[in-house]
Student: 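Questions regarding the structure given below will be posed in turn.
Atoms within a ligand are numbered from 1 in the order they appear, just like the ligands themselves.
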Amino acid sequence: MLKLDNVTKVYRTGAFGGGSTTAVGGVSFEVGPGEVVSLIGESGSGKSTLGRMILGLTPVTSGSITWNGTAVRPAKSYYREVQGVFQDPFSTFNPVFKADRVFRMIKEVYFPEVPPAEWAERVRASLADVRLNPAQILGKFPHQLSGGQLQRLLIARALLLDIKLLVADEITSMLDASTRIDVLNLLAELKGRGLGVLYITHDLSLGTYLAERTIVLRRGTVAEMGPTETVFTGPKHPYTRELLAAVPRLREPWQEAEPIESCLYHDKAGTGGLLEVEPGHYVACARLAGCAG
Ligand SMILES: Nc1ncnc2c1ncn2[C@@H]1O[C@H](COP(=O)(O)OP(=O)(O)OP(=O)(O)O)[C@@H](O)[C@H]1O
């Protein structure tokens, strides 16, 4: 299980590192086996920073991230079980190497003992899982493949490792509608096989598709989290309502979100500044400055 406890990330900024940006402030949540949790928030809310910290690519400033009770660190044993797939598949591939080199590297690092014929079969099976035809993929350079094909290639690579948790950061944003549904259905199937997924997105409609729990991130802190159905049908935080109101719905009139004026949960919030308004449904103070006074 993945567990984040009061995780904060402060980036040093400015010409000589004199300034700072708190990208993530005191975030706590868990992702269990076979659970899909969606992390939703607008641009700059800290989603990718959280994803990178979970993958050990960016150090945390304070708080802790553990995987099955052990602090995460960029190690082979961790990446054997936890992998990330990111928004822009083109940036993940070195343009001078053929795309199937990603599979060769996985074999060299993790499975040197597997005989070539068996390995070829495993690659074929993982490509079939993501509905890619090996003949159309293997032997090609990244620029000869589409964004959707590269994205699915990355998922296939993660599947070869038989991972337990996938950090999926905006993985469908570059895909056309039909490929997007294919990838989401694939994730649903993998979830059924016990894969945990942290599904990072700014697209609320995609968040609801798979996730049983939703975390709404606002300016680096959790505004609201709970069962997806509950959060979407009865959002308590004005920011969540604002986000939901921003989703265009066919044949439904535009509804203005309530302004964020005062904190509904001021003085009531418990651990981590979140109040449990109903079982498993947590809401933060809605004042920009928090519940300090
Ligand atoms: N390496 C960095 N150095 C300084 N500030 C950073 C760095 N990376 C991110 N930030 C800042 O941290 C905040 C959160 O950024 P992050 O990329 O995590 O947000 P996001 O929710 O993933 O946004 P998007 O949806 O646009 O990708 C932003 O204010 C961003 O400018």
Side-chain angles (χ1 to χ4, degrees), residues 2 4-29 31 36-65 72 74 82-92 147 150-151 154 165-175 180 183-184 187 197-211 213-225 228 231 235 237-248 260 272-273 284 288-290:
L2 179 78
L4 280 76
D5 190 10
N6 208 15
V7 172
T8 292
K9 176 69 190 180
V10 180
Y11 286 112
R12 292 277 148 230
T13 50
F16 300 101
S20 64
T21 302
T22 302
V24 174
V27 168
S28 304
F29 64 84
V31 184
V36 179
V37 174
S38 74
L39 186 61
I40 290 174
E42 62 194 356
S43 182
S45 56
K47 307 181 298 294
S48 295
T49 298
L50 269 170
R52 292 179 60 77
M53 287 193 289
I54 290 166
L55 289 165
L57 303 173
T58 298
V60 300
T61 305
S62 63
S64 69
I65 306 181
V72 309
V82 179
Q83 286 275 316
V85 176
F86 295 95
Q87 178 170 15
D88 176 11
F90 291 99
S91 63
T92 311
L150 289 175
Q151 199 68 281
L154 290 175
L165 178 75
L166 179 70
V167 177
D169 188 352
E170 303 279 12
I171 60 165
T172 53
S173 55
M174 287 186 73
L175 306 182
R180 185 178 299 163
V183 169
L184 290 174
L187 291 182
V197 180
L198 180 64
Y199 190 83
I200 300 175
T201 183
H202 61 269
D203 187 329
L204 280 84
S205 56
L206 291 180
T208 50
Y209 189 81
L210 284 176
R213 274 196 304 127
T214 289
I215 300 168
V216 180
L217 207 61
R218 176 192 182 218
R219 299 182 184 200
T221 61
V222 174
E224 184 159 1
M225 64 179 176
T228 301
V231 170
H237 196 288
Y239 178 69
T240 314
R241 289 188 196 147
E242 211 170 307
L243 276 183
L244 288 172
V247 177
I260 301 176
L288 290 179

Student: Using a 3.5 Å distance criterion without hydrogens, assess whether the side chain of Glu224 forms a donor-acceptor pair with backbone atoms of His237.
Tutor: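 Judged by distance alone, yes, a pair lies under 3.5 Å.
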
Student: Short question: side chain of Lys9, backbone of Thr21 - any donor-acceptor pair under 3.5 Å?
Tutor: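 Not at all, since once roles are kept as given, no pair shorter than 3.5 Å links the two residues.
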
Student: Need the list: ligand 1 N/O atoms against protein N/O atoms, distance under 3.5 Å, rounded to one decimal.
Tutor:
{"residue": "ligand 1", "atom": "18 (O)", "partner": "Thr49", "partner atom": "N", "Å": "2.9"}
{"residue": "ligand 1", "atom": "18 (O)", "partner": "Thr49", "partner atom": "OG1", "Å": "2.6"}
{"residue": "ligand 1", "atom": "19 (O)", "partner": "Gly46", "partner atom": "N", "Å": "3.2"}
{"residue": "ligand 1", "atom": "21 (O)", "partner": "Gly44", "partner atom": "N", "Å": "3.4"}
{"residue": "ligand 1", "atom": "21 (O)", "partner": "Ser45", "partner atom": "N", "Å": "3.0"}
{"residue": "ligand 1", "atom": "21 (O)", "partner": "Ser45", "partner atom": "OG", "Å": "3.4"}
{"residue": "ligand 1", "atom": "21 (O)", "partner": "Gly46", "partner atom": "N", "Å": "3.0"}
{"residue": "ligand 1", "atom": "21 (O)", "partner": "Lys47", "partner atom": "N", "Å": "3.1"}
{"residue": "ligand 1", "atom": "21 (O)", "partner": "Lys47", "partner atom": "NZ", "Å": "2.9"}
{"residue": "ligand 1", "atom": "22 (O)", "partner": "Ser48", "partner atom": "N", "Å": "2.8"}
{"residue": "ligand 1", "atom": "22 (O)", "partner": "Ser48", "partner atom": "OG", "Å": "2.9"}
{"residue": "ligand 1", "atom": "23 (O)", "partner": "Gly44", "partner atom": "N", "Å": "2.8"}
{"residue": "ligand 1", "atom": "25 (O)", "partner": "Lys47", "partner atom": "NZ", "Å": "2.8"}
{"residue": "ligand 1", "atom": "26 (O)", "partner": "Ser43", "partner atom": "OG", "Å": "2.5"}

Student: With sequence neighbours excluded, tell me which residues meet side chain to side chain contact (heavy atoms under 4.5 Å, CB included) with Val72.
Tutor: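 Counting only residues at least two positions away or on another chain, Val72 forms a side chain to side chain contact (heavy atoms under 4.5 Å, CB included) with Ile65, Trp67, Tyr78.
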
Student: When you measure from the side chain of Lys47 to the backbone N and O of Ile40, does any donor-acceptor pair fall under 3.5 Å?
Tutor: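 No, Lys47 side chain to Ile40 backbone: no donor-acceptor pair under 3.5 Å.
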
Student: With Thr8, which residues qualify under side chain to side chain donor-acceptor pair (under 3.5 Å), at least two apart?
Tutor: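 If we apply the side chain to side chain donor-acceptor pair (under 3.5 Å) test to Thr8, skipping adjacent residues, there are no hits.
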
Student: Report the residues that fulfil side chain to side chain donor-acceptor pair (under 3.5 Å) with Ser48, sequence neighbours left out, ordered by chain and then residue number.
Tutor: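 Here the qualifying residues are Asp169.
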
